[in-house]
There are 2 protein chains.
Amino acid sequence: MALGRPREFDTDTALDLALHVFWRKGYEGASMADLTEAMGITKPSLYAAFGNKEDLFRKALDRYVDGPGGYFRTGLKKPTAREAVEHILYESVEAVTDPKNPGCLAVQGALCCGDAAETIKQELTARRSKSEEDLRLRFTRAIAEGDLPADADAGDLARYVSAILQGMAVQAAGGAPREQLRKLADMAMRSWPPV
Amino acid sequence: MALGRPREFDTDTALDLALHVFWRKGYEGASMADLTEAMGITKPSLYAAFGNKEDLFRKALDRYVDGPGGYFRTGLKKPTAREAVEHILYESVEAVTDPKNPGCLAVQGALCCGDAAETIKQELTARRSKSEEDLRLRFTRAIAEGDLPADADAGDLARYVSAILQGMAVQAAGGAPREQLRKLADMAMRSWPPV
DNA sequence: GGACTTATCTACTGAACGGTAGAAAACTTT
DNA sequence: AAAGTTTTCTACCGTTCAGTAGATAAGTCC
């Protein structure tokens, strides 16, 4: 066992609780008081375990990507581009319409912000770009493998799917019901691949 | 002329300056210090002229809708649904990629927030819903007039266009270049109306 | 000119912000 | 049991937040 007084809370569950606060309120909107209250720990414990607010957010974001946002990576592994897009779109609908925390952390965490949160905004921007790039690479492979038209533009398709996902995230943040977003995904799929 | 000491600044230009601060930083991210500095007035002058921060934001939002966001209303007046969507999409691309303040105020003003800004978030959500409803009504008319298929679902189409617009806003907030968003609009138009 | 009205300024309020000092408590090691 | 290590707690730090009091200045009205 580790030296010293043992920690009285589980860091993973505490991080999950912090994640949900950030998810609902955004980086700037979530105060340290909000976070400690939700996590059930005091501020010094939080700082000792996770660093500062920015560190905590980054750790929560990692957890988000591996947990509630894991459908993205899973989808990329599907055998065809169509199946990948289908999986990502419909799983995204379920994720962003979770009534406990509607929307997408990568979109609403810090879409724009005051000066203090600028680096967090950049981090989220970079993550969204990375996701779009992952889609692009997947579509490039699909073109090579013949399950997308040879004259398709992988970059355009990736941007299109990203925009749909982000649009759904905005609508979900506004309380759009699951049903409606499913119909949105239906529409996107009916015209896939877009010409 | 009005009674009392005359105001030394123009309220409309001051409101424009405030609008651009809110646009770049969001409601929570824009501090009163940011605002007064940009507007070139002191805090008491601001409060006397515009009320409190929330009032100021609402007035800036009205100005946004009538100014930089005016393309939406203009587009709805186009003779056909296709022309309306085309106008709104391409004008939106220009608006959200304005390098001075990328993105859309109605999306990034308060997509999610702390408790204090909750009413602002609701106001923005309501405005986005209103826009979607305006699109739906326009498409309903278009179906009646025969410039959309009789079996089209006006609500679905409105949601789809809204999602594209909001997705573009998110991408623009992340610095997506105008060229790329134009190609996104191209794709949306090529498959219009979506089946 | 004097009364009245409104805008402007400096200086300030209380509350909330992120973050920390320092002492006490709980464990392992020897 | 004593030493060493780490967590926990209360209480606090300085800063920034939105918002305001009160005095002064600049006009109009009579």
Side-chain angles (χ1 to χ4, degrees), chain A residues 1-15 17-18 21-22 24-61 109-110 112-121 123, chain B residues 1-15 17-18 21-22 24-61 109-110 112-121 123:
Chain A
M1 194 173 182
L3 225 65
R5 178 171 176 171
R7 188 171 277 134
E8 292 179 4
F9 62 94
D10 181 68
T11 52
D12 281 344
T13 62
L15 198 50
L17 293 163
V21 175
F22 280 129
R24 265 181 292 117
K25 301 195 169 189
Y27 177 73
E28 279 184 324
S31 73
M32 294 305 291
D34 290 332
L35 291 162
T36 51
E37 193 191 5
M39 299 163 87
I41 62 177
T42 61
K43 277 204 282 182
S45 294
L46 189 156
Y47 278 86
F50 301 104
N52 61 13
K53 188 183 182 183
E54 201 172 314
D55 294 334
L56 176 64
F57 182 84
R58 290 195 145 88
K59 282 166 181 150
L61 183 56
C112 74
C113 59
D115 303 329
E118 195 64 31
T119 65
I120 293 295
K121 173 186 153 191
E123 164 90 30
Chain B
M1 195 176 182
L3 227 64
R5 177 170 177 173
R7 189 171 276 133
E8 293 180 3
F9 63 94
D10 180 69
T11 52
D12 281 344
T13 61
L15 198 50
L17 293 164
V21 175
F22 280 128
R24 265 181 291 119
K25 301 196 169 186
Y27 177 73
E28 279 184 323
S31 72
M32 295 305 289
D34 290 332
L35 291 162
T36 52
E37 193 191 4
M39 299 163 86
I41 62 177
T42 61
K43 277 207 278 183
S45 294
L46 189 156
Y47 278 88
F50 303 104
N52 60 14
K53 189 183 182 184
E54 200 171 315
D55 294 333
L56 177 64
F57 182 84
R58 290 195 146 89
K59 282 167 182 150
L61 184 56
C112 74
C113 59
D115 303 330
E118 195 65 31
T119 65
I120 294 294
K121 173 186 152 188
E123 164 89 29

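The chains referred to below are lettered A, B, ... by the order of the sequence lines, with proteins before strands, and numbering in each begins at 1.
Atom CG in A/Asp115 sits roughly 11 Å away from atom P in D/dT16 (whole-Å rounding). To the nearest angstrom, P of C/dC17 lies 10 Å from CD of B/Glu28.
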Which atom pairs link the protein and nucleotides 2-5 of chain C when you take only N or O atoms and keep those under 3.5 Å?
none

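Using a 4.5 Å heavy-atom threshold, the side chains of A/Glu54 and A/Tyr27 count as touching. Side-chain contact between A/Phe22 and A/Leu56 is present, with heavy atoms from C-beta onward closer than 4.5 Å. Contact of the B/Glu123 side chain with the B/Thr119 side chain is not registered, since no non-hydrogen atoms from C-beta on lie closer than 4.5 Å. Counting only heavy atoms from C-beta outward, the side chains of B/Tyr47 and B/Met32 approach each other to under 4.5 Å.
Closest-nucleotide positions on DNA chain D for A/Phe9 and B/Met32 were compared, and the one nearer the 5' end corresponds to A/Phe9.
A donor-acceptor pair is defined here as one N or O able to donate and one able to accept, closer than 3.5 Å; no such pair exists between the side chain of B/Lys25 and the backbone of A/Asp115. Formation of a donor-acceptor pair under 3.5 Å by the B/Lys53 side chain with backbone atoms of B/Ser31 is not found in this model.
For the pair B/Glu8 and B/Arg5, the salt-bridge criterion is met [side-chain N within less than 4.0 Å of a carboxylate O].
Using a 4.0 Å cut-off on heavy atoms, the residues of residues 34-52 of chain B that approach DNA chain C are B/Thr42, B/Pro44, B/Ser45, listed by number.
Here the options are A/Thr36, A/Thr42, A/Leu35, the test is side chain to side chain contact (heavy atoms under 4.5 Å, CB included), and the partner is A/Met39; only A/Leu35 passes.
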